[in-house]
Trainee: 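Please see the structure below; I have some questions.
Just so it is clear, the values below take in all heavy atoms, side chains as well, and ignore hydrogens, waters and symmetry mates.
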Amino acid sequence: MASIVFSKLGSSPTRRSLCRQPDTIQKHVQAVWNQIGDKPMFGSQRIIRRPHALATEVSYNEPKASTPFNENMMANYVPIYVMLQLDIITTDNILKDKVGLEKQLKQLQDAGVDGVMCDVWWGIVESKGPKEYDWSAYKTLFQLVQDCNLKMQVVMSFHQCGGNVGDIVIIPIPQWVRDVGETNPDIFYTNRSGNRNVECLTIGVDNRQLFGGRTAIELYSDYMKSFRENMAEFLDAELFTDIEVGLGPAGELRYPSYPQNQGWAFPGIGEFQCYDKYLKADFEEAATNAGHPEWRLPDDAGEYNDTPDATGFFGSKGYLSDKGKFFLTWYSSKLIMHGDQILDEANKAFLGCKVKLACKISGIHWWYKDDTHAAELTAGYYNLNDRDGYRPIARMLSRHYGVFNFTCLEMRDSEQDAAAKSGPQELVQQVFSAVKREKVLMAGENALERYDRVAYNQILLNVRPNGVSKNGPPKLKMEALTFLRLGDEMLTKKNFRIFKTFVKKLHADQACAADPRTYTTIVPLERSKPEIPIEELLKATEMREPFSFNDETDMSVGGVVSDFIDSLLNMIPFL
């Protein structure tokens, strides 16, 4: 590879000669770029799909230079929001290092980033007592972001920070809520062994008046109403583009089936989390109404780090029995109804605001290629080879005009341990297809912090699976990308140089659009449509062939050759 590049440079320069001849090396590097452009580099790999998912063969067409805001190309524009640090607001409710953050925000703005995302922690804002909201630190943060000419996605974070992958700080839910759990621990999710998970409240208390006369749903609703009242100036200024509603652990619509703070390690199948007294009674009532009062919750589904074949429920096909199917339908339906109810409250709270509501779904890719899909099932996603567990969620979300936000966009099958039977590429393909069939907007995130070209190119493929269209909207496109995460590593010289190219490719080689109306429609949030009966939602479980994805992105940030040139550029102190 080096010989190929140096044949273009004319000779193999040493590090010393690079430093002494900056003008010469700049000309040589520019010559290389002029010849290789932004074409995909060596090492590209064909996407592996299920046998029935036919690949679409495409040839690379190098994008031509474009002028800012070419109307047709702007239809391909995918905005990028960078996640702020988890502890940007401290547990003492203070904006952390405002001067340093302002510098970082300006770097993002200069790089063409559209906006940032931050968690609005329930455990910070309402920490002093019921309905004692303190939004002061967040107001300071929002004003700073607005002054830096960036937009925002905000998350109504009704969960604890700490206990999940990537959590580096602990921000618990409000103490006065946890105090209720001292005398009634069943307000928390519980596994079969009786271990309580204090990350968030169990679905079982959604409609129980256990919190000073309020239900859990009312706690969330009052919080969102207070946010709207206190952030009216920012809402009116259209600072916020999305309000993502936290619906479970890590803000995701799922059960806390794989908590690291209880010993889970990848690729364990996780455990069902429905053994608190409220959910247990709900299941027994449902089973009795179905004519099976003898049915109980599973007692043979294993422990957090088991493999599927080590359990009776999965290994002995208990999940395919009548009892198993009934349980999984109940378990997954409770999750969908939980999300539907809270999103309905969010819709009421932000009615008329020019924002989109969003719901985050976890990309549980391990055991996806196993017939049991065990890790998905314990998390509440009743997804099998012949049953779509994601389309019913999208159908529910459709009544709230919501955005379906999915994770693991950066992952490739070839990077995973074969023993985990992981399929992130097929999972993204299935979910994207299911969401689009329900005419719901799709957005995405990377699951792990990565700043390499392989990950960037995989993300670029997933946000526009069939490439850009020079004649208008592409066949498939995500609404936005939220990138994990702002910090010192991201802003290093090498990483940030590649990141800026990534931003440009997300924008389809267009200039950053300060006004989102340039690439999307902005309308006041309408009232949610009538509730969809669970029976209608479950009709969407029919598995259909996913849409075809291209083998590689047509907006590549480069590959091996580009990495090599980066190594040269990094030797030059002033670049």
Side-chain angles (χ1 to χ4, degrees), residues 45 47-50 162-167 189 191-193 195 197 199 248-274 298 300-320 324 328 331-332 335 360-385 387 389-390 406-431 444-450 452 454-455 458 462 484:
Q45 178 174 331
I47 291 180
I48 302 170
R49 303 182 185 85
R50 296 179 180 178
N164 287 291
V165 177
D167 288 349
Y189 282 112
N191 68 3
R192 186 173 60 87
S193 300
N195 294 322
N197 190 315
E199 290 180 62
E252 297 167 337
L253 179 62
R254 63 172 175 88
Y255 294 92
S257 57
Y258 51 99
Q260 285 189 322
N261 57 5
Q262 290 191 18
W264 174 86
F266 180 86
I269 61 173
E271 293 188 37
F272 292 113
Q273 301 287 323
C274 52
D300 60 348
E303 298 180 349
Y304 287 122
N305 295 316
D306 280 339
T307 58
D309 57 7
T311 72
F313 187 80
F314 297 112
S316 299
K317 309 295 184 184
Y319 71 101
L320 296 177
L328 290 171
Y331 189 69
S332 58
L335 189 68
K360 185 177 176 182
I361 308 298
S362 181
I364 300 179
H365 54 88
W366 56 105
W367 303 111
Y368 181 83
K369 291 184 177 180
D370 187 83
D371 286 344
T372 66
H373 290 249
E376 292 169 273
L377 298 192
T378 58
Y381 306 143
Y382 190 4
N383 189 59
L384 297 173
N385 295 341
R387 187 188 194 279
Y390 301 97
F406 197 63
T407 62
C408 78
L409 296 195
E410 83 284 11
M411 295 184 178
R412 294 157 59 105
D413 292 6
S414 60
E415 299 167 338
Q416 310 303 318
D417 184 349
K421 295 187 178 180
S422 186
Q425 293 174 237
E426 292 85 354
L427 176 59
V428 171
Q429 189 177 11
Q430 178 198 335
V431 171
E445 299 180 2
N446 53 314
L448 303 175
E449 283 194 53
R450 287 180 59 177
D452 59 283
V454 172
Q458 189 62 34
N462 284 327
L484 176 70

Trainee: Run the side-chain contact (heavy atoms from CB on, under 4.5 Å) test on Gln458 and Met411 for me, step by step, so that the C-alpha distance in whole Å, both residues' side-chain angles and the decisive distance to 0.1 Å come before the verdict.
Mentor: CA-CA 7 Å; Gln458 189 62 34; Met411 295 184 178; over 6 Å; no
Trainee: Return the orientation label for the Trp264 and Trp366 ring planes: parallel under 30°, perpendicular over 60°, tilted otherwise.
Mentor: tilted
Trainee: Shortest non-hydrogen contact from Glu410 to Asn446?
Mentor: OE1-CA, 3.2 Å
Trainee: Would you give the length of the straight line joining atom CD1 of Ile364 to atom OG1 of Thr378, rounded to the nearest 0.5 angstrom?
Mentor: 6.5 Å
Trainee: Measure the shortest side-chain to side-chain distance between Pro259 and Glu199 over non-hydrogen atoms and say whether it is less than 4.5 angstrom.
Mentor: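 Yes, side chains in contact.
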Trainee: List the steps, then state whether side-chain contact (heavy atoms from CB on, under 4.5 Å) holds for Gln262 with Asn197.
Mentor: CA-CA 8 Å; Gln262 290 191 18; Asn197 190 315; 3.8 Å; yes
Trainee: I need the Gln425 CD to Glu415 CD distance, nearest 0.5 Å.
Mentor: 8.0 Å
Trainee: So, do Gln273 and Pro256 sit near enough that their side-chain heavy atoms are less than 4.5 Å apart?
Mentor: yes
Trainee: Measure up the Tyr381 and Tyr390 rings against each other and bin them: parallel (under 30°), tilted (30 to 60°), perpendicular (over 60°).
Mentor: tilted
Trainee: Applying side-chain contact (heavy atoms from CB on, under 4.5 Å), run through His365 and Val428 and close with a yes or a no.
Mentor: CA-CA 9 Å; His365 54 88; Val428 171; over 6 Å; no
Trainee: Which pairs would a plain distance check flag for residues 309-320, meaning a side-chain donor or acceptor within less than 3.5 Å of a matching protein atom at least two apart in sequence or in another chain?
Mentor:
unit_1, atom_1, unit_2, atom_2, d
Asp309, OD1, Thr307, OG1, 2.7
Thr311, OG1, Pro308, O, 3.0
Thr311, OG1, Phe314, N, 3.1

Trainee: With rounding to the nearest 0.5 Å, note down the distance linking SG in Cys274 to OH in Tyr255.
Mentor: 6.5 Å
Trainee: Taking side chain as C-beta onward, heavy atoms only, is Leu377 less than 4.5 Å from Thr372?
Mentor: no
Trainee: Can you tell if the side chain of Asn191 reaches within under 4.5 Å of the side chain of Tyr304, non-hydrogen atoms only?
Mentor: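 When only atoms from C-beta onward are counted, Tyr304 and Asn191 do touch, with a gap below 4.5 Å.
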Trainee: If we only count heavy atoms from C-beta on, is the Asp413 to Pro424 side-chain gap below 4.5 Å?
Mentor: yes
Trainee: Could you pull out all residues at least two apart from Asp452 that satisfy salt bridge (charged side-chain N to carboxylate O under 4.0 Å, His left out)?
Mentor: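 Salt bridge (charged side-chain N to carboxylate O under 4.0 Å, His left out) list for Asp452, sorted by chain: Arg450.
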Trainee: Do Phe406 and Glu445 come close enough that some side-chain heavy atom pair is under 4.5 Å?
Mentor: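 They are not in side-chain contact.
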Trainee: With sequence neighbours excluded, tell me which residues meet salt bridge (charged side-chain N to carboxylate O under 4.0 Å, His left out) with Glu303.
Mentor: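 In terms of salt bridge (charged side-chain N to carboxylate O under 4.0 Å, His left out), with neighbours along the sequence ignored, Glu303 is linked to no residue.
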Trainee: With Phe272 as reference, evaluate Tyr331, Tyr382, Tyr258, Tyr189 under the ring pair (Phe, Tyr, Trp, His ring centres under 6.0 Å) test and give the passing residue.
Mentor: Tyr331
Trainee: Give a yes-or-no answer on whether the side chains of Gln430 and Asn383 include a donor-acceptor pair shorter than 3.5 Å.
Mentor: yes
Trainee: Taking all non-hydrogen atoms of both residues into account, name the closest pair between Asn305 and Gly263 and its distance.
Mentor: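 Nearest heavy atoms, Asn305 then Gly263: ND2-O, 2.9 Å.
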Trainee: Taking all atoms of both residues into account, what is the closest heavy-atom pair of Arg192 and Pro298, and its distance?
Mentor: CD-O, 3.5 Å
Trainee: With the side chain counted from C-beta on, respond yes when Trp367 and Glu376 share a heavy-atom pair under 4.5 Å apart, and no when they do not.
Mentor: no
Trainee: Roughly how far, to the nearest 0.5 Å, is CG of Leu335 from CD of Glu252?
Mentor: 11.0 Å
Trainee: Please report the C-alpha distance between Leu484 and Glu449 in whole Å, then the side-chain angles of each, then the deciding distance to 0.1 Å, and finally whether the side-chain contact (heavy atoms from CB on, under 4.5 Å) criterion is met.
Mentor: CA-CA 6 Å; Leu484 176 70; Glu449 283 194 53; 3.8 Å; yes
Trainee: May I ask you to test the Thr407-Ile361 pair for a side-chain heavy-atom distance under 4.5 Å?
Mentor: no
